[in-house]
Amino acid sequence: MALYAEVAVEAARGIARESYTYAVPEGMDVVPGHRVTVPFGRRSSYGFVVSLGTDEPGVETKPISTAGNEPLLLPHQVALARLVADHYWLPLIECIRAMLPPRVRGTGSAGAGASTRQRRHSRLLELATGPASPVERFALTAEQVAALERIQANPVTLLHGVIASGKTEVYLAAAERALADGLRVLLLVPEISLTPQLVQRVRGRLNAPVALLQTQLTELERAQQWWWTRRGEAQVVLGSRSAVFAPIPRLGLICLDEEGSAAYKQDRTPRYEAGWVARQLASVTGARLVMGSATPSVTTYHAAANDEFGMAKMTRRIRGNDAEVELIDMRDEAAEGNRQPLSRRLVEVVARTLENEEQAILYLNRRGLATFVMCRDCGRSVQCLGCSVALVQHAEIDGLVCHYCGYSRAMPSVCDFCGSRNIRALGLGTQRLETMVKRLWPAARVLRLDSDAARGPDSYFRIWEEFSERRADILVGTQLVTRGLDLPSVTCVGVVDADLPLHFPDYRSAENTFALVAQVAGRAGRDGRPSRVVVQTSNPEHYALRCAAAGDYEGFYEAELPARKAFVFPPYADLAVLTRSDRDDARAAASAREAVESMAAGMLKEGIEGIRVMGPSPAFIHRLRGEYRWQVTLKGGRLERARHLAPRGKDWSYDVDPVS
């Protein structure tokens, strides 16, 4: 009997069709997940078998040319790829590509064996795969025991615990149980939380082979770690967002730390959210899923509160004390003559911290020296040539850089528009803050941690190591300092501008503000010493900041829900943003208008109710990398009902469940 295979073909990535039918030659052994080579048009391409069948396709089929020795994807991964493709409106091949490192995807075998040319490993990988150092084991508290039992009793559990309540210890205790049953464990953390401290703790506590999957590894290291996981040699997989697609046989437990972190959302194709994918992974494998956070997303907390899955709460810190949080009104500072970015109170607290030979963290979520360069005469700022954003001044190139496309230029001596020499760099970035801190406290040892400073192999590791070993007194940084750092000598945290996320055009702006302030405040007071957090804002009365200062998540949740309900935002509706890009602004706008009219007419004709088509409107960054962008937004329930009506083509992109 003839056998036929449905193959997702690499060469067909830009085509809407999901798969193509090929005949399986007699004697060839393939199963779903196999990498195969197939004829495609006048050329040959590789692809992946997604299903097999004996039904005649009704069209002439070509045979598969070659097949790998073993399937690259496990059966549950093929099922997961279909679920992700359906939910995020993606071609199936894009989801399969996300499951394979580039070297494995391209050759089917790269990284499978030792490399004779490999001279070094990333230091984080050396920690994960080297000898385990014993770590101190603590008896679980009553709340931790109760949480562990709740996890064992539910397929999916939200572990809502205050900062320093011992959530990681609960993950590790649950992992020990899974390993004792002969099952594998997946630990997911945001990229910025994947610290040497965490790697050492997992390796020493579980004393099991650990694979590390994250973007800072070289391509060869990623391929090697992938193969180690695929062959079942790694019993624990520790990784960032993309590790949710790891090929883990006999998966028994998934731990998703810092649920709600924006770092779990992929911002390019395939645009997936790792928390949603983890829930589907748990469903197709039967593994237990625990999602932990002190600041879970409103949508996830709402689902748990309405018994869609289990919830365990941990309300007490197991060590240290809550830092005292002060909200400083920067309007009062300006009224009293202080025009500096650091309030007098923050300067006082940092100075006292240094006198006590303790450490301080200053958080500002803007990189660079100045956030824009402006002509004081005509008021125009220096813009990127390809993006509708201002260029940012950076010391390392002695010039201006676009944070979106990478375009750079020298600092202008005259205005491009009016010719004036009255050019000034304005705004505050982490580089300028670092300079200011060094000037205020010349004897202090200052480090900066942002994506510029942490660029390159092991840069983040070195900065973390230097600060944790107390070879620096003040750490200035962006979001990289808000999570993952557990440093007992930090007794002062300053949030230089808490208003930045609050005024971002995003329905989650209050949620993001609460989470960022609460998380960065949690870096202080880890060992019980008196600690203080100073939050600078021009909106001290805002509920997100008041609740963050009080550590009151439930209060924030109750205050946030009415607005979400009134404006029909998640959890009361689903969202999808369809973006049309074009080098011609008018053409992009016209195409987006046509899409709105076509989708609205199609839904009316087919009787699809409960979905609103809104727009078109220019994207927040209207021009990006030389292309203008117009967006159409869908809001409602079960948006997949409208997928077949969505515009198609290489100039359109979809973002289902956008985070902004």
Side-chain angles (χ1 to χ4, degrees), residues 5-13 18-19 30-36 45-51 67-112 184 186-188 191 211-215 217 219-234 237-251 254 256 264-285 287 289 656:
E6 289 297 314
V7 179
V9 181
E10 168 71 15
R13 285 177 63 196
E18 290 288 294
S19 61
V30 295
V31 297
H34 251 107
R35 182 186 185 278
V36 295
S45 176
Y46 68 85
F48 301 90
V49 176
V50 294
S51 66
N69 294 329
E70 59 181 323
L72 295 181
L73 301 177
L74 298 169
H76 78 258
Q77 289 184 285
V78 178
L80 180 64
R82 288 192 182 278
L83 291 172
V84 173
D86 289 345
H87 181 76
Y88 290 107
W89 300 14
L90 292 165
L92 185 58
I93 186 63
E94 293 290 357
C95 300
I96 292 174
R97 283 171 57 85
M99 295 178 169
L100 298 163
R103 289 199 174 196
V104 176
R105 187 172 67 234
T107 66
S109 61
R184 305 287 191 270
L186 171 62
L187 299 176
L188 294 168
E191 187 84 30
L212 184 68
L213 293 172
Q214 54 125 214
T215 58
L217 302 183
E219 284 197 3
L220 177 58
E221 287 173 335
R222 289 170 64 190
Q224 290 169 333
Q225 293 293 294
W226 186 91
W227 276 110
W228 201 34
T229 303
R230 172 66 180 84
R231 290 168 176 164
E233 295 170 27
V237 175
L238 175 60
S240 52
R241 177 180 61 222
S242 60
V244 75
F245 292 124
I248 308 174
R250 291 182 54 77
L251 181 61
I254 307 165
L256 182 95
Y264 282 128
K265 177 71 176 187
Q266 173 106 330
D267 60 1
R268 61 186 183 277
T269 302
R271 293 179 173 85
Y272 65 89
E273 198 277 320
W276 186 91
V277 178
R279 289 195 284 276
Q280 310 315 307
L281 177 61
S283 176
V284 297
T285 60
L289 169 64
V656 178

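Residue numbers run from 1 in the order of the sequence given.
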Q | Gap separating the CE atom of Met99 from the OG atom of Ser242, nearest 0.5 angstrom | A | 12.0 Å
When the side chains of residues 75-82 are checked against the rest of the protein, which donor-acceptor pairs come out under 3.5 Å, sequence neighbours left out?
| residue | atom | partner | partner atom | Å |
| --- | --- | --- | --- | --- |
| Gln77 | OE1 | Leu74 | N | 2.9 |
| Gln77 | NE2 | Phe245 | O | 2.9 |

Q. Taking only residues two or more places apart in sequence, or in another chain, which ones meet Ala282 in a side-chain contact (heavy atoms from CB on, under 4.5 Å)?
A. Ile254, Leu289
**Q.** From CG (Leu90) to CG (Leu92), nearest 0.5 Å
**A.** 9.5 Å
Q. Between the main-chain N or O of Lys265 and the side-chain N or O of Arg241, is there a donor-acceptor pair closer than 3.5 Å?
A. yes
(Q) Taking side-chain contact (heavy atoms from CB on, under 4.5 Å) as the definition, give me every residue that meets it alongside Ala211, ordered by chain and number, with sequence neighbours left out. (A) Gln225, Trp228, Thr229, Ala234, Val237
Q. Ala223 and Val104: which non-hydrogen atoms are nearest, and at how many Å?
A. CB-CG2, 3.9 Å
Q | Straight-line distance of Glu18 CD to Cys95 SG, nearest 0.5 Å | A | 8.0 Å
Q | side-chain hydrogen bond (donor to acceptor under 3.5 Å, both in side chains) partners of Ser240, counting only residues at least two apart | A | Glu191
(Q) On a heavy-atom basis, which atom in Ala8 and which in Ile93 lie closest, and how many Å separate them? (A) O-CD1, 3.7 Å
Q: Go through the structure and list residues passing side-chain hydrogen bond (donor to acceptor under 3.5 Å, both in side chains) with His87, not counting sequence neighbours.
A: Asp657
Q. Side-chain contact, heavy-atom cut-off 4.5 Å: Leu186 with Leu281?
A. yes
Q | Qualifying residues under side-chain hydrogen bond (donor to acceptor under 3.5 Å, both in side chains), relative to Arg184, sequence neighbours excluded | A | none
Q.
I need the full list of side chain to side chain donor-acceptor pair (under 3.5 Å) pairs touching residues 268-283, with sequence neighbours left out, sorted by first then second residue.
A. Thr269-Arg271
(Q) Just so I know, are the side chains of Leu73 and Leu100 near enough to count as touching, which here means a heavy-atom distance under 4.5 Å? (A) yes
Q) At what distance, to the nearest 0.5 angstrom, does CZ of Arg230 lie from CD1 of Ile248? A) 12.0 Å
Q) Got a donor-acceptor contact below 3.5 angstrom from the Trp226 side chain to the Pro247 backbone? A) no
(Q) Please determine whether side chain to side chain contact (heavy atoms under 4.5 Å, CB included) holds for the pair Trp227 and Leu72, giving the CA-CA distance in whole Å, both sets of side-chain angles, and the decisive distance to 0.1 Å. (A) CA-CA 9 Å; Trp227 276 110; Leu72 295 181; 3.7 Å; yes
Q | Nearest non-hydrogen partners of Leu188 and Tyr264, listed with the distance | A | O-OH, 3.1 Å
(Q) For the CG atom of Leu187 and the CG atom of Leu213, what is their distance to the nearest 0.5 Å? (A) 11.5 Å
Q: Provide the closest heavy-atom pair for Pro102 versus Arg222 in the form atom of the first, atom of the second, distance.
A: CD-NH2, 4.1 Å
**Q.** Pairwise side chain to side chain donor-acceptor pair (under 3.5 Å) hits with a residue in residues 89-105, at least two apart
**A.** Glu10-Arg97, Arg13-Glu94
Q. Looking at Gly68 and His34, what are the two nearest heavy atoms and their distance?
A. O-NE2, 3.1 Å
Q) How far apart are the closest heavy atoms of Ser51 and Pro32, and which atoms are they? A) CA-CG, 4.1 Å
Q) Looking at residues at least two apart in the chain, or sitting in another chain, which of them share a side-chain hydrogen bond (donor to acceptor under 3.5 Å, both in side chains) with Ser45? A) none
